[in-house]
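Quick notes on the structure that follows.
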Amino acid sequence: MNIPRPEYPRPQMVRPIWTNLNGEWEFDFDFSDSGRARGLPEAEHLGQTILVPFCPESRLSGIGFTDFMPAVWYKRRFTVAEADLSGRLLLHFGAVDYRCEVWLNGRSVGVHQGGYTPFTLDITDAAQPGENLITVCAQDDVRSGRQPRGKQSSELRSHGCDYTRTTGIWQTVWLEPVPKTYIAGCRVTPDYRNGKVSIDVTISGCPEGLMLTADADLDGRLAGRVSVKAAPHVTAELPLSLIDLWEPGHPALYDLTLSLSGGDRVTGYFGLRGVEVHDGAVYLNGKPVFQRLVLDQGFYPDGIYTAPTDDDLKADIIRCQDLGFNGARLHQKVFEPRFLYWADKLGYLCWGEYPNWGFDITRPEALAIFLPEWTESVERDFNHPSIVGWCPFNETQPEYYSPTAQETVLRVYEMTKLLDRTRPVIDTSGFVHTGKTDLYDVHDYEQDPAVMAEHYARTGEGECFENFPQWAKWDGRTPLFVSEYGGTWWSPGVQDGWGYGQASKTEEEVCSRYCGLTRVLLENEKICAFCYTQPYDVEQEQNGLFRYDRTPKFSPEIYRRIRETNQLPAAIETR
């Protein structure tokens with residue numbers, strides 16, 4: 001049997017020796033969440049099988065069950081060579097939704113909370129030469145208000161702009177033998193103005209007496225090298241003799257190799273580029289770049305949260321670039337690292353988000369729950385040059401404008417700025433802002449281009465369309481981002497379709513609306529970016545530019561006109 005999703009899942013820190021544990025696992029539902037009491041951690045077998053890394057709601061998993069699942073269980077056997085236990089043996093999970101506990105040979109080896117970020121367990125002491133048994137329990141309750149769910153429906157069925165849920169394992173699981181002292185993490189901070197990067201490396205074990213060497217190569221040529229004494233945490237400056245900046249249309253990447261004199265070696269890459277905000281615009285490498293984005297939901301008909309293949313991730317980006325878009329809001333989901341790998345390779349601008357929908361930020365404990373999960377997301381994706389900004393919240397409603405909710409949003413914004421001083425941060429996309437944000441954005445689903453133009457006719461006087469003017473108001477100086485617009489839907493032959501406003505009657509009407517609305521935004525010198533809803537249909541939501549299966553929805557002529565409109569020069573780039 002072919003292993004699904006066989007590619008190495010962590011492209012920025014690669015080791016040559018690893019074991020992919022995707023494939024067939026034993027599986028069972030736990031509708032009463034009583035598996036621990038029934039002894040499932042110690043049980044030899046479960047009653048069903050599932051194809052990992054696809055969630056049980058998906059067709060690709062072989063299960064296809066879409067009702068609520070309070071808990072699910074997994075088991076898989078694997079073999080460990082005695083040599084693999086001479087150092088440390090790491091068990092990696094790309095993502096498990098939502099709260100996960102893992103046992104090895106009946107012994108609990110770790111717990112992780114957060115359905116979108118990776119975690120690693122050192123299973124050396126619990127593993128044995130020969131056959132071993134992993135047991136995983138995932139608990140998931142999107143109706144609790146205590147966990148972020150994003151666009152996963154909190155009702156029985158998918159509806160509106162909420163879609164089929166994802167429970168349990170939905171990214172690759174893999175084993176990795178490493179030396180007793182090994183490289184555990186690396187952060188690369190680019191300084192494009194001075195032609196160098198700062199490298200912060202975390203080393204696990206006992207690095208005393210060892211040396212750490214970092215090599216940077218550009219197109220096979222050595223661009224820089226630095227060696228420093230190893231320590232649990234090492235910071236080194238790496239000057240680059242060869243300079244090539246990363247940007248859309250020219251996504252230059254440097255290969256990075258980190259080597260410990262004790263034997264460990266990892267490879268990755270980085271891009272040399274800088275993002276700055278001033279004079280009402282977002283600058284990339286010192287130049288104002290109008291961001292022509294799409295609102296990418298990251299859903300797939302057969303895999304739900306998980307792309308069927310790595311090629312599907314790449315194809316989603318190319319499809320949007322072919323229409324003249326240069327990036328995406330990765331909406332209400334932390335996308336797979338492989339998506340960002342292709343964004344890095346293809347020169348595609350991305351805003352990293354967190355799926356805050358379903359999470360009640362009015363709760364006193366909201367900050368304590370949300371912040372660790374968001375921090376893991378920022379740390380995971382910091383090195384990707386394609387990430388040009390962060391947005392932890394989406395559409396915080398007026399009813400959330402309580403002191404507790406405002407404090408939560410504000411503290412997350414401030415912590416994000418501490419975690420990453422190199423990128424802009426939006427406190428919350430659309431609706432109710434806190435007063436601290438690097439970009440001011442609105443969501444405007446007006447369908448008439450003439451009325452849309454009226455919404456932004458007075459931006460030169462510091463006025464624009466506001467979602468809730470009684471709660472928040474643009475200051476006229478902060479860069480203005482229309483971070484959701486369009487939603488222009490057309491769904492011939494689809495029953496019970498959903499979209500924004502009145503559905504178009506013809507594809508020509510869709511095109512006319514699209515081009516008219518988009519020109520309004522491009523021609524306004526106070527607007528620095530737009531984000532169109534959305535690149536493809538998702539289940540009942542029919543406002544995509546492609547069908548859910550990514551097949552064309554319109555004639556080639558319509559796509560040509562959309563592309564030509566997107567490629568028009570923006571006022572903010574030519575002022």
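No hydrogens, no waters, no symmetry mates; every other heavy atom, side chains included, goes into these values. Because the structure is a prediction, the values reported are computed rather than measured.
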**Asked** Out of Trp498, Phe299, Trp357, which one pairs with Tyr163 under the ring-ring contact (aromatic ring centres under 6.0 Å, His included) rule?
**Response** Phe299
**Message:** For Asp496 and Gln540, which I'm curious about, is there any donor-acceptor pair between the side chains at under 3.5 Å?
**Reply:** no
**Request:** Not counting sequence neighbours, list each pair that qualifies as a side chain to side chain donor-acceptor pair (under 3.5 Å) and has a residue in residues 58-71.
**Result:** Arg59-Asp302, Thr66-Arg157
Which donor-acceptor pairs under 3.5 Å do side chains of residues 408-415 form with protein atoms, sequence neighbours excluded?
{"unit_1": "Thr408", "atom_1": "OG1", "unit_2": "Thr404", "atom_2": "O", "d": "3.0"}
{"unit_1": "Arg411", "atom_1": "NE", "unit_2": "Glu407", "atom_2": "OE2", "d": "2.8"}
{"unit_1": "Arg411", "atom_1": "NH1", "unit_2": "Glu414", "atom_2": "OE1", "d": "2.4"}
{"unit_1": "Arg411", "atom_1": "NH1", "unit_2": "Glu414", "atom_2": "OE2", "d": "3.3"}
{"unit_1": "Arg411", "atom_1": "NH2", "unit_2": "Glu407", "atom_2": "OE2", "d": "3.0"}
{"unit_1": "Tyr413", "atom_1": "OH", "unit_2": "Asp438", "atom_2": "OD1", "d": "2.8"}
{"unit_1": "Glu414", "atom_1": "OE2", "unit_2": "Lys436", "atom_2": "NZ", "d": "2.9"}

**Request:** Check whether any side-chain N or O of Arg165 sits under 3.5 Å from a backbone N or O of Glu155 as a donor-acceptor pair, and report yes or no.
**Result:** yes
**Request:** Verify the neighbour count for atom NZ of Lys417: are there more than 12 heavy atoms of other residues, nucleotides or ligands below 6.0 Å?
**Result:** yes
**Item:** From Glu376, Glu373, Gln171, residue fulfilling side-chain hydrogen bond (donor to acceptor under 3.5 Å, both in side chains) relative to Thr117
**Value:** Glu376
**Request:** Decide whether a cation-pi geometry holds between Lys333 and Tyr305; the criteria are a distance under 6.0 Å from NZ or CZ to the six-membered ring centre and an angle within 45° of the ring axis.
**Result:** yes
**Donor-acceptor pair between Glu539 and Ser158 side chains, under 3.5 angstrom** = yes
**Request:** Return yes if a side-chain donor-acceptor contact under 3.5 Å exists between Ser429 and Ser483, otherwise no.
**Result:** yes
**Asked** Just wondering, do Asp141 and Arg146 contact through their side chains at under 4.5 Å, heavy atoms?
**Response** no
**Side-chain (Tyr341) to main-chain (Pro9) donor-acceptor, under 3.5 angstrom** = no
**Request:** Step by step, work out the side-chain contact (heavy atoms from CB on, under 4.5 Å) result for Glu247 and Val289.
**Result:** CA-CA 10 Å; Glu247 57 191 15; Val289 174; over 6 Å; no
**Message:** What I want to check is whether the side chains of Tyr300 and Asp316 have a donor and an acceptor closer together than 3.5 Å.
**Reply:** yes
**Request:** Find out whether the Lys NZ or Arg CZ of Arg423 is both under 6.0 angstrom from the six-membered ring centre of Phe382 and within 45° of the ring's axis.
**Result:** yes
**Message:** Between Tyr548 and Phe546, is the ring centroid distance below 6.0 Å?
**Reply:** no
**Message:** Just by distance, no angles: are the side chains of Thr551 and Asp549 close enough, under 3.5 Å, to form a donor-acceptor pair?
**Reply:** yes
**Asked** Does one side chain, of Tyr354 or Asn394, offer a donor that lies under 3.5 Å from an acceptor on the other?
**Response** no
**Request:** Run through Thr428, Thr434, Asn356 and flag the one making a side-chain hydrogen bond (donor to acceptor under 3.5 Å, both in side chains) with Thr396.
**Result:** Thr428
**Stepwise ring-ring contact (aromatic ring centres under 6.0 Å, His included) test for Tyr532 and Tyr485** = CA-CA 5 Å; Tyr532 184 79; Tyr485 83 106; 5.3 Å; yes
**Prompt:** Looking just at side-chain N and O atoms, do Thr166 and Asp97 make a donor-acceptor pair shorter than 3.5 Å?
**Reply:** no
**Asked** Between the side chains of Gln152 and Asp140, is a donor N or O closer than 3.5 angstrom to an acceptor N or O?
**Response** no
**Prompt:** Residues in salt bridge (charged side-chain N to carboxylate O under 4.0 Å, His left out) with Glu484, at least two apart?
**Reply:** Arg329
**Prompt:** Which atom names give the shortest non-hydrogen contact between Cys528 and Leu439, and what distance separates them?
**Reply:** SG-CD2, 4.0 Å
**Request:** Might you point out which heavy atoms bring Ala307 and Phe54 nearest each other, and give the distance in Å?
**Result:** O-CE2, 3.9 Å
**Asked** Counting N and O atoms only, with roles assigned by atom type, does the side chain of Asn467 sit under 3.5 Å from a partner on the main chain of His443, one being a donor and the other an acceptor?
**Response** yes
**Asked** Side chains of Thr362 and Ser402: donor-acceptor distance under 3.5 Å anywhere?
**Response** no
**Arg550 bridged to Asp312 by N-O distance under 4.0 Å** = no
**Request:** Would you indicate whether Gln470, at its atom CD, is surrounded by more than 12 heavy atoms from other residues, nucleotides or ligands within a distance under 6.0 Å?
**Result:** yes
**Prompt:** Hey, is the main chain of Glu508 close enough, under 3.5 Å, to the side chain of Ser512 for a donor-acceptor pair?
**Reply:** no
**Request:** Tell me, with the steps shown, if Glu336 and Arg338 meet salt bridge (charged side-chain N to carboxylate O under 4.0 Å, His left out).
**Result:** CA-CA 5 Å; Glu336 299 179 48; Arg338 295 290 304 187; over 6 Å; no
**Request:** Report, as yes or no, whether the 6.0 Å neighbourhood of atom CZ on Arg560 holds more than 12 heavy atoms from other residues, nucleotides or ligands.
**Result:** yes
**Prompt:** Are a donor atom and an acceptor atom from the side chains of Asp344 and Trp246 found within less than 3.5 Å of each other?
**Reply:** no
**Pair Glu573 + Arg292: basic N to acidic O under 4.0 Å** = yes
**Request:** Would you check if the distance from the ring center of Phe530 to the ring center of Phe290 is below 6.0 Å?
**Result:** yes
